[in-house]
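Right, one structure below, let's go through it.
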Amino acid sequence: MDLEQLNEIANQMVAHGKGILAADESTGTIKKRFDTIGLTSTEDSRRDWREMLFRTQPAMNEYISGVILYDETLRQKAADGTPLAKLISDAGAVPGIKVDLGAKDLAGAPGEKITEGLDGLRDRLNEYYELGARFAKWRAVIEMGRDGDDSIPSPYCVDVNMHALARYAALCQEAGIVPIVEPEVLMDGDHTIERCYEVTEYALKKLFDELYAQGVQLEGIILKPNMIIAGKKCPEQASVEDVADLTVQCLSNCVPSAVPGIAFLSGGQSDEEATAHLNAMNAAYDLPWALTFSYGRALQAAPLKAWNGKDAEAGQKAFNHRARMNGLASIGEWTPELEQQG
């Protein structure tokens, strides 16, 4: 393992004013996205959509530091024969790859999930490195109980998911690949923001215990957590300032300063909510790590609607706007008024 090289890539992934595009939707998920615009999901249509994003300027050069890809996409070539991974690296961004195989039911824990994909991962990582990937992503899913049920998540669920995340991270670093570790506490449900804080803090502390126990070098990882936010169905939604304050407090209690950066998932927030929350943190706090974005839907929803399967110019205009808004939020310089310039 070359820690200096891993650290260099990790710092590139959280470069000033930039963040990560999550374009790693599975074939099933992207079909659902295409269904919303009446487009048939085929290998070519999926390639055309992603190629359009990766060729967008100035977004890719100025605001996107890395792109998380799905296995199919990492192997695909653009219409002119250029590998899609090369389009990304030519734009100055780092190609990455989703390596988990999804969340499955956890035995002995009804209603809870465990992420699978460790079997054969070492060989897959070596292949992905040869295909151009320099970072990877693994998502652990932590559900919260409804109607005040505090038995979910169980310590068992959190323990096995954090153990798997650390095993994945150790394998990545062995292969010369920076691991994004993503312990997502879901914002579905009716939990309060205080309950989100409690569960997220517990999960993050378990995660860093496991990373330490398994010899993962923190200087060569990126953390991709949820923000501290009330459940979608909670009657009391927190202000932007409260989300920012509690998120920073939770991270400060759990995340060592050796970690180069934290790239938030959007987790079902609206485009502007995800941007406003990120901006509030960067505007109000001086933090030991870079705080940026690793958004999927919050970067892609508006471009997908504008593109509509045929209008690349409109899709790229919308992507440029969302990428710029989040790039500004990553340095605390976004304002709601700027949204009107799209």
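Every heavy atom of this structure was used, including side-chain atoms; hydrogens, water molecules and symmetry mates were not.
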Note: [X]-[Y] ion pair, threshold 4.0 Å (strictly below):
X: Arg124; Y: Glu127; answer: no
X: Glu201; Y: Lys205; answer: yes
X: Lys113; Y: Glu143; answer: no

Whether the [X] and [Y] side chains hold a donor-acceptor pair (N or O, under 3.5 Å, no angle test) is what I'd like checked.
X: Thr200; Y: Asn226; result: yes
X: Tyr197; Y: Asn253; result: yes
X: Asp271; Y: Tyr295; result: no
X: Tyr128; Y: Asp71; result: yes
X: Glu210; Y: Gln214; result: yes
X: Gln300; Y: Glu25; result: yes
X: Asn61; Y: Gln57; result: yes

[X] versus [Y]: any side-chain heavy-atom pair under 4.5 Å?
X: Lys98; Y: Leu69; value: no
X: Lys18; Y: Thr292; value: no
X: Ile97; Y: Tyr129; value: no
X: Ile177; Y: Ile9; value: no
X: Ser154; Y: Val158; value: no
X: Gln217; Y: Leu6; value: no
X: Phe34; Y: Thr40; value: no
X: Pro303; Y: Trp49; value: yes

Under 3.5 Å: donor-acceptor pair, side chain of [X], backbone of [Y]:
X: Asp149; Y: Ser151; value: yes
X: Gln173; Y: Gly220; value: yes
X: Asn7; Y: Glu219; value: yes
X: Thr82; Y: Ala78; value: no
X: Asp190; Y: Lys233; value: no
X: Asn282; Y: Leu291; value: yes
X: Gln237; Y: Gly231; value: yes
X: Glu8; Y: Gln5; value: no
X: Thr56; Y: Leu53; value: yes
X: Thr247; Y: Ile228; value: yes

Hey, could you give me the CH2/CD1 distance between Trp307 and Ile37, rounded to the nearest 0.5 Å? 5.5 Å
So SG of Cys196 and CG of Leu186: to nearest 0.5 Å the spacing works out to 10.0 Å
Within a 6.0 Å radius of atom CZ on Arg122, are there more than 12 heavy atoms belonging to other residues, nucleotides or ligands? no
Check whether more than 12 heavy atoms from other residues, nucleotides or ligands sit under 6.0 Å from atom OH of Tyr156, and answer yes or no.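 Enclosed: over 12 neighbouring heavy atoms sit under 6.0 Å from OH of Tyr156.
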Which atoms form the tightest heavy-atom contact between [X] and [Y], and what is the distance?
X: Met325; Y: Thr275; answer: O-CG2, 3.6 Å
X: Ile88; Y: Pro95; answer: CG2-N, 4.0 Å
X: Pro225; Y: Leu251; answer: CG-CD2, 4.2 Å
X: Gly332; Y: Asn279; answer: C-OD1, 3.1 Å

Salt bridge (Lys or Arg N to Asp or Glu O under 4.0 Å) with Arg55: which of Asp80, Asp90, Asp48?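 Testing each of Asp80, Asp90, Asp48 against Arg55, the sole residue satisfying salt bridge (Lys or Arg N to Asp or Glu O under 4.0 Å) is Asp80.
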Run the side chain to side chain contact (heavy atoms under 4.5 Å, CB included) test on Met13 and Phe135 for me, step by step, so that the C-alpha distance in whole Å, both residues' side-chain angles and the decisive distance to 0.1 Å come before the verdict. CA-CA 9 Å; Met13 291 165 62; Phe135 73 90; 3.5 Å; yes
One pair to check against side chain to side chain contact (heavy atoms under 4.5 Å, CB included): Asp100 and Arg139. What are the steps and the verdict? CA-CA 7 Å; Asp100 70 69; Arg139 173 177 177 251; 3.9 Å; yes
Taking a hydrophobic cluster as the set of Ile, Leu, Val, Met, Phe, Trp and Tyr residues connected by side-chain heavy atoms closer than 4.5 Å, whether directly or through intermediates, do [X] and [Y] fall within one such cluster?
X: Val259; Y: Val216; value: yes
X: Phe54; Y: Leu131; value: yes
X: Val199; Y: Val248; value: yes

Criterion side chain to side chain contact (heavy atoms under 4.5 Å, CB included) on Asp119 and Leu101, from CA distance to verdict: CA-CA 10 Å; Asp119 288 353; Leu101 300 181; over 6 Å; no
Exactly one of Leu211, Ile142, Leu204, Val181 clears side-chain contact (heavy atoms from CB on, under 4.5 Å) with Met162, and that residue is Ile142
Tell me which one of Lys31, Lys32, Arg46 satisfies side chain to side chain donor-acceptor pair (under 3.5 Å) with Ser41.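 When side chain to side chain donor-acceptor pair (under 3.5 Å) is applied between Ser41 and each of Lys31, Lys32, Arg46, only Arg46 qualifies.
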I would like to know whether Arg322 and Glu339 meet salt bridge (Lys or Arg N to Asp or Glu O under 4.0 Å); could you show each step before the answer? CA-CA 9 Å; Arg322 287 264 45 91; Glu339 291 288 348; 2.9 Å; yes
Residue pair Tyr63, Asn326: steps toward the side chain to side chain contact (heavy atoms under 4.5 Å, CB included) verdict: CA-CA 8 Å; Tyr63 307 115; Asn326 287 300; over 6 Å; no
